[in-house]
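Everything below concerns the one structure shown next.
Counting convention: from 1, in listed order, for ligands and their atoms alike.
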Amino acid sequence: MTEIMKGMGKLSKEERPVIGQLANEVRQGITGLIEEKKKELEAAILEQKLSKEKIDVTLPGRKAPVGSHHLLGSVIRDVQDLFIGMGFSIAEGPEVETDTYNFEKLNLPKNHPARDMQDSFYLSEDILLRTHTSPMQARTLEAHHGRGPVKIICPGKVYRRDNDDATHSHQFMQIEGLYVDRNVRLSDLKGVLTVFAKHVFGADREIRLRPSFFPFTEPSVEMDISCFRCGGHGCNVCKGTGWIEILGAGMVHPNVLRMSGFDPAVYSGFAFGMGPERIAMLKYGIEDIRHFYTDDSRFLSQFKRS
Ligand code: FA5
């Protein structure tokens with residue numbers, strides 16, 4: 001077409017309009033055909049695309065992954081519910097604590113050798129991340145202004161400079177319990193702990209109380225549960241002993257009562273502090289405490305219905 005149009009100038013006056021018209025007709029014809037082919041191809045591409053993206057609305061839907069309660073949260077709620085049923089209420093306290101509440105009001109004066117038991121994360125000279133939930137004993141007693149009964153449990157995070165291993169974590173949970181009233185005895189503590197152990201682990205679980213030492217309780221005990229999950233050699237949870245320690249407890253030391261405004265001649269009480277990770281490990285046969293804190297959904301999803 002370009003050649004023809006270029007050659008128009010060489011034509012005679014008579015030939016020019018005839019050839020010109022003819023050329024126009026031919027050009028229009030070709031353009032029309034191209035347009036037609038283009039539409040045809042576009043339609044074919046669209047058809048191909050539509051058939052590729054076709055949705056079969058009759059296919060069953062794909063389920064989106066749904067989260068669940070963390071096992072540790074479920075265990076804590078279960079323990080809370082049990083103690084609420086026994087007349088305890090829930091108290092919560094600060095994770096950033098003063099030296100006074102974390103140690104001194106618990107009968108651990110500065111330079112007391114028992115402070116070495118809990119290597120601490122200090123933020124300044126007098127402020128630290130609490131090493132246990134026991135400061136809530138002093139805080140709660142003070143809030144009651146010397147008058148019982150006081151009956152609380154306090155779940156929360158605590159921090160220690162422990163080296164992480166299968167049963168130790170530098171950050172873990174504790175549930176503190178405190179019951180102060182007239183005539184509270186060690187046998188009451190034993191009764192409550194037995195109810196707790198049988199509720200959580202089953203009626204046939206064995207518990208043992210070992211004499212122990214805590215500066216804020218006298219006498220002090222530690223409670224072990226029989227390690228029914230593995231028990232044998234090579235077991236991380238009970239280190240092959242057949243027992244695992246899950247809590248410390250005792251009768252509230254008279255000094256602690258006195259420092260928080262309670263008269264030890266009138267009032268007595270028990271306190272305990274348990275580790276819910278250890279409880280969950282034992283109950284569900286979890287061999288490493290670090291599973292709780294690595295948030296691997298393959299681990300978490302195993303306990304969806306807990
Ligand atoms: C205490 O912390 C005391 N405050 C408990 C207490 C409260 C005694 C009231 C008397 C009266 P202990 O350091 O033993 O005690 O810790 C208590 C529980 O926390 C242990 O039995 C264990 O279950 C858990 N625990 C301790 N250290 C760790 C750790 N590094 N990782 C995971 N759990 C731990």
Side chain, backbone, both or neither: which part of [X] comes within less than 4.0 Å of ligand 1 when only heavy atoms are counted?
X    : answer
T217 : side chain
H170 : neither
F272 : backbone
Q137 : side chain

Under a plain distance cut-off of 3.5 Å, with no hydrogens placed, do [Y] and [X] share a side-chain donor-acceptor pair?
X    : Y    : result
E277 : Y293 : yes
N107 : H112 : no
D165 : H168 : yes

- Task: Not counting sequence neighbours, which residues clear salt bridge (charged side-chain N to carboxylate O under 4.0 Å, His left out) with R27? List them please.
- Result: none
Within-cut-off N or O pair, [X] and ligand 1, under 3.5 Å:
X    : answer
E277 : no
H132 : yes
T131 : no
G248 : no

Only heavy atoms count here, so choose which of [options] is nearest to [atom].
atom                    : options          : value
atom 28 (C) of ligand 1 : Y159, F216, F172 : F172
atom 11 (C) of ligand 1 : P276, A271, S169 : A271
atom 23 (O) of ligand 1 : V158, V252, I246 : I246

Using heavy atoms and a 4.0 Å limit, tell me yes or no: is [X] in contact with ligand 1?
X    : value
F270 : no
R278 : yes
T167 : yes
M223 : no
S134 : yes

- Task: Scan for ring pair (Phe, Tyr, Trp, His ring centres under 6.0 Å) pairs involving residues 72-91, sequence neighbours excluded, and state none if there are none.
- Result: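 As it turns out, the ring pair (Phe, Tyr, Trp, His ring centres under 6.0 Å) pairs with a partner in residues 72-91, which skip direct neighbours, are F83-F88, F83-F272.
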- State whether the number of non-hydrogen atoms from other residues, nucleotides or ligands found under 6.0 Å of K198 atom NZ is greater than 12. yes
Should [X] and [Y] count as an ion pair when the cut-off is N to O under 4.0 Å?
X    : Y    : result
R210 : D224 : yes
D181 : K151 : no
E42  : K39  : no
E176 : R139 : no

- Query: Looking at H144 versus Y267, is the centre-to-centre ring distance below 6.0 Å?
  - Reply: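 Between H144 and Y267, the centre distance exceeds or equals 6.0 Å.
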Could you tell me, atom by atom, which parts of ligand 1 come under 4.0 Å of a heavy atom of [X]?
X    : answer
Q174 : 1 (C), 2 (O), 16 (O), 17 (C), 18 (C), 19 (O)
L247 : 21 (O)
H168 : 29 (C), 30 (N), 31 (N)

- Describe, in one word, how the ring planes of H132 and F216 are oriented to each other, choosing from parallel (under 30°), tilted (30 to 60°) and perpendicular (over 60°). perpendicular
